[in-house]
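Labels below follow one simple rule: chain letters A, B, ... track the order of the sequence lines, proteins then strands, and each chain is numbered from 1.
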Amino acid sequence: MSIDLVQLKQQQVEYAKRIILRDEFNFTIPKLIGGTDVGFEDGGRVTRAAIAVLSYPNLELLDYQLVKMPTTFPYIPGYLSFREYPALVAAWQKITHKPELLFVDGQGTAHPRGLGIASHLGLLLDIPTIGVAKKRLYGQYQPLAELPLSSEPLLNKAAKTQIGYVLRSKAKCNPLFVSAGHRISQLSALNWVLTCLKGYRLPEPTRFADAIASNKPLFKKWLTSKDKS
DNA sequence: GCGACAG
DNA sequence: ATCTTGTCGC
């Protein structure tokens, strides 16, 4: 079984046309916000997908899902979603109280064809999503100020359009690449990330999903404190 | 032709 | 992403 990248590329182009970059949260406040993170085991043969469910505006971890399944697609820059979405969709289906807004680890529209994993997943699940990536995949930007919470537009120079933001989420840390996923505006995506920052480089939904997927102290602490209550 | 390249 | 200890800086 081989991979037809030409066909998948065309699929991305078609899907990208369906992405909605209109804000649906200007007058609606979510009660639940989710975050995703994906990891791998056994040399990449097993995919681990975590979804964290947080309350809003308290941003406390309420629930989570962690699913493992065989990896079916390699990592190819620009085609990350085909590797990670099956496990994420499976985790999503197991969640009882669905978040109304999902922070996805990876790009949204800041992608060569405007369909990063955040946009792709948002379209598949038909929910508002925001792309929060730790590295740049596509786009150019001006030097970013050191001042915390400063940002720069991320641009598609060829098309002369903005595709996201580069955000200094914490002092002396590498910036985040924030872009709209689906059913949200670019500026609103940035504002929601700012709203969910709590003094760490990653916004809370992403930080908890990361802790769950990698079984970090933050998550272990939550598990034990949950036992007692 | 060469370098860049989410996780 | 993952393999991994100490270490530098705030």
Could you tell me how far apart A:K68 (NZ) and C:dT2 (P) are, to the nearest whole angstrom?
12 Å
Describe the nucleic acid contact of A:G44 in one word from base, sugar-phosphate, nothing, applying a heavy-atom distance below 4.0 Å.
nothing
Sugar-phosphate, base or nothing in reach of A:F40, heavy atoms under 4.0 Å
sugar-phosphate
Would you classify A:I76 as touching base, sugar-phosphate or nothing, given that sugar-phosphate means primed atoms plus P, OP1 and OP2, and contacts are heavy atoms under 4.0 Å?
nothing
Have a look at A:G116 and say if it touches a base, only the backbone sugar-phosphate, or nothing, with a 4.0 Å heavy-atom cut-off.
base
Just the rounded figure in Å: distance from P of C:dA1 to OH of A:Y75.
10 Å
If the test is side-chain contact (heavy atoms from CB on, under 4.5 Å), which one of A:V178, A:T206, A:L202 qualifies with A:V193?
A:V178
Is the distance from OP1 or OP2 of C:dT2 to the nearest side-chain N or O of A:R45 less than 4.0 Å?
no
Pairs meeting criterion ring-ring contact (aromatic ring centres under 6.0 Å, His included) with involvement of residues 42-80 of chain A, two or more places apart
A:Y56-A:W192, A:Y64-A:F219, A:Y64-A:W222, A:F73-A:F82
Might you work through the side-chain contact (heavy atoms from CB on, under 4.5 Å) test for A:L124 and A:Y15, ending with a clear yes or no?
CA-CA 10 Å; A:L124 292 174; A:Y15 270 46; 4.3 Å; yes
A:E84 CD to B:dA6 C1', straight-line distance once rounded to whole Å
8 Å
Between A:T47 and A:T71, do the side chains contain an N or O donor and an N or O acceptor separated by less than 3.5 Å?
yes
If you compare every side-chain N and O of A:R136 against the phosphate oxygens of B:dC5 (OP1, OP2), does one of them come in below 4.0 Å?
yes
Tell me: CG of A:D42 to C1' of C:dA1, nearest whole Å?
14 Å
Touch check for A:Y85, heavy atoms < 4.0 angstrom, all strands: base, sugar-phosphate only, or nothing?
nothing
Would A:Y138 count as stacking on B:dA6 if stacking means ring centres less than 5.5 angstrom apart and planes tilted under 30 degrees?
no
Rounded distance (Å) that lies between atom P of B:dA6 and atom CG of A:D210
17 Å
